[in-house]
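Here the structure is a predicted model, which is why all the values come from computation and not from measurement.
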Amino acid sequence: MRDRNYLLVGKQSFDSNHEVANLIHYVTRTGNCKKNLEDCICYGGHGVSISDSIELAIEQFKGIYGAYKAPRKGCRRQAYHEQMEIPYEYARRMSPEDMDELAYWLSYHYWNRRYPVIYAVHGPGKSGRHFHIHFVVSMVSCRTGKKFDTSGKENRIRMQLFNRLMEAFVEMRGLR
């Protein structure tokens, strides 16, 4: 299992408050995105108040980005979106609580650097696709005010880290 990358990073641009709000609603299956509600197993986050409301979390994302002073024109991306596949051989042995804990554990990587993050675990739903975790990461650290590094090198490091963390989680829980 270790030779495969489970973290999926796609081309993206979430440059406006509206796009960020839509992305957060999509991954949490809230707002106008309730049509696929049955495939959202859980959601949570770090650095934002999820328990009060998703709308408050969206406002907090906007506020953090609003404090950012771009060093040049064109630095507009406000949120970053990644997904991590949970291999079926692991997912079939996991409870919803296990999946929530795994997502919480992985999302702490972003928050450790003070990038607010919202995660959501999706099951296969009607699409029949795999179990996966979405991460919506604020592009601005509330500790340093610096932008999140999305370079290829950083993505590869994060992929390797997340693979090791998933393997450690599975091992620790006896889910092999």
Side-chain angles (χ1 to χ4, degrees), residues 6-34 37 40-72 74-86 96-122 131-166 169:
Y6 299 109
L7 189 64
L8 311 170
V9 180
K11 292 188 180 206
Q12 53 186 283
S13 181
F14 301 100
D15 298 342
S16 72
N17 290 335
H18 180 70
E19 290 169 338
V20 172
N22 285 346
L23 174 62
I24 293 171
H25 282 301
Y26 168 74
V27 302
T28 60
R29 301 298 198 236
T30 56
N32 293 333
C33 296
K34 290 183 179 178
L37 186 61
C40 186
I41 295 169
C42 59
Y43 61 84
H46 296 281
V48 293
S49 183
I50 294 291
S51 59
D52 290 335
S53 76
I54 292 299
E55 297 307 320
L56 177 59
I58 291 168
E59 290 303 314
Q60 290 169 335
F61 259 68
K62 289 179 194 176
I64 293 163
Y65 187 82
Y68 176 65
K69 303 291 184 232
R72 60 184 167 74
C75 293
R76 296 181 29 187
R77 187 186 299 168
Q78 296 184 26
Y80 192 67
H81 178 222
E82 295 182 321
Q83 297 179 60
M84 182 162 186
E85 179 184 348
I86 303 173
E97 292 79 17
D98 289 332
M99 290 183 188
D100 184 48
E101 189 166 339
L102 173 62
Y104 185 81
W105 203 31
L106 292 170
S107 66
Y108 191 76
H109 167 75
Y110 307 105
W111 181 237
N112 190 40
R113 296 178 181 175
R114 294 305 182 254
Y115 291 99
V117 59
I118 295 172
Y119 67 82
V121 179
H122 291 185
F131 287 84
H132 55 283
I133 305 166
H134 289 269
F135 301 100
V136 179
V137 184
S138 171
M139 288 301 296
V140 178
S141 169
C142 54
R143 177 191 302 153
T144 65
K146 301 223 184 226
K147 291 277 268 197
F148 186 70
D149 187 351
T150 60
S151 68
K153 178 183 176 187
E154 283 298 315
N155 287 346
R156 282 188 299 279
I157 290 168
R158 201 167 41 262
M159 284 178 191
Q160 292 168 353
L161 172 66
F162 278 26
N163 284 352
R164 287 192 312 269
L165 289 172
M166 182 183 303
F169 182 85

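Distance OG/Ser107 to CG/Asn112: 11.0 Å, rounded to 0.5 Å. Distance check, rounded to the nearest 0.5 Å: CZ of Arg143 to OH of Tyr115 gives 9.5 Å. The distance from the CD1 atom of Ile41 to the CD1 atom of Ile133 is 9.5 Å, given to the nearest 0.5 Å. With rounding to the nearest 0.5 Å, the separation of OG in Ser141 from CZ in Arg114 is 8.5 Å. Remark: Tyr26 OH to Glu19 CD distance equals 15.5 Å, nearest 0.5 Å. We find the OH-NE2 distance between Tyr110 and His46 to be 10.5 Å, quoted to the nearest 0.5 Å.
The two residues Ala79 and Val136 have their closest heavy-atom pair at CB-CG1, 4.1 Å. Smallest separation of non-hydrogen atoms from Thr30 and Tyr43: CG2-OH, 4.0 Å. The shortest non-hydrogen separation linking Gly45 to Ile50 is N-CG1, 3.9 Å.
Around the OH atom of Tyr104, the shell of radius 6.0 Å holds no more than 12 heavy atoms that belong to other residues, nucleotides or ligands.
Side-chain contact between Ile86 and His132 is absent, with no heavy-atom pair separated by less than 4.5 Å. Residues Cys142 and Pro116 form a side-chain contact, since some pair of their non-hydrogen atoms from C-beta on lies under 4.5 Å apart.
When atom types are taken as modelled, the side chain of Gln60 and the backbone of Gly47 share no donor-acceptor pair closer than 3.5 angstrom. Using modelled atom types, one side-chain atom of His122 and one backbone atom of Val27 make a donor-acceptor pair closer than 3.5 Å.
In summary, of the residues considered (Tyr119, Phe162, Phe148), a ring pair (Phe, Tyr, Trp, His ring centres under 6.0 Å) with Phe135 occurs for Phe162 alone. Shown are Leu23, Ile24, Asn22; of these, the side-chain contact (heavy atoms from CB on, under 4.5 Å) with Val20 is made only by Ile24.
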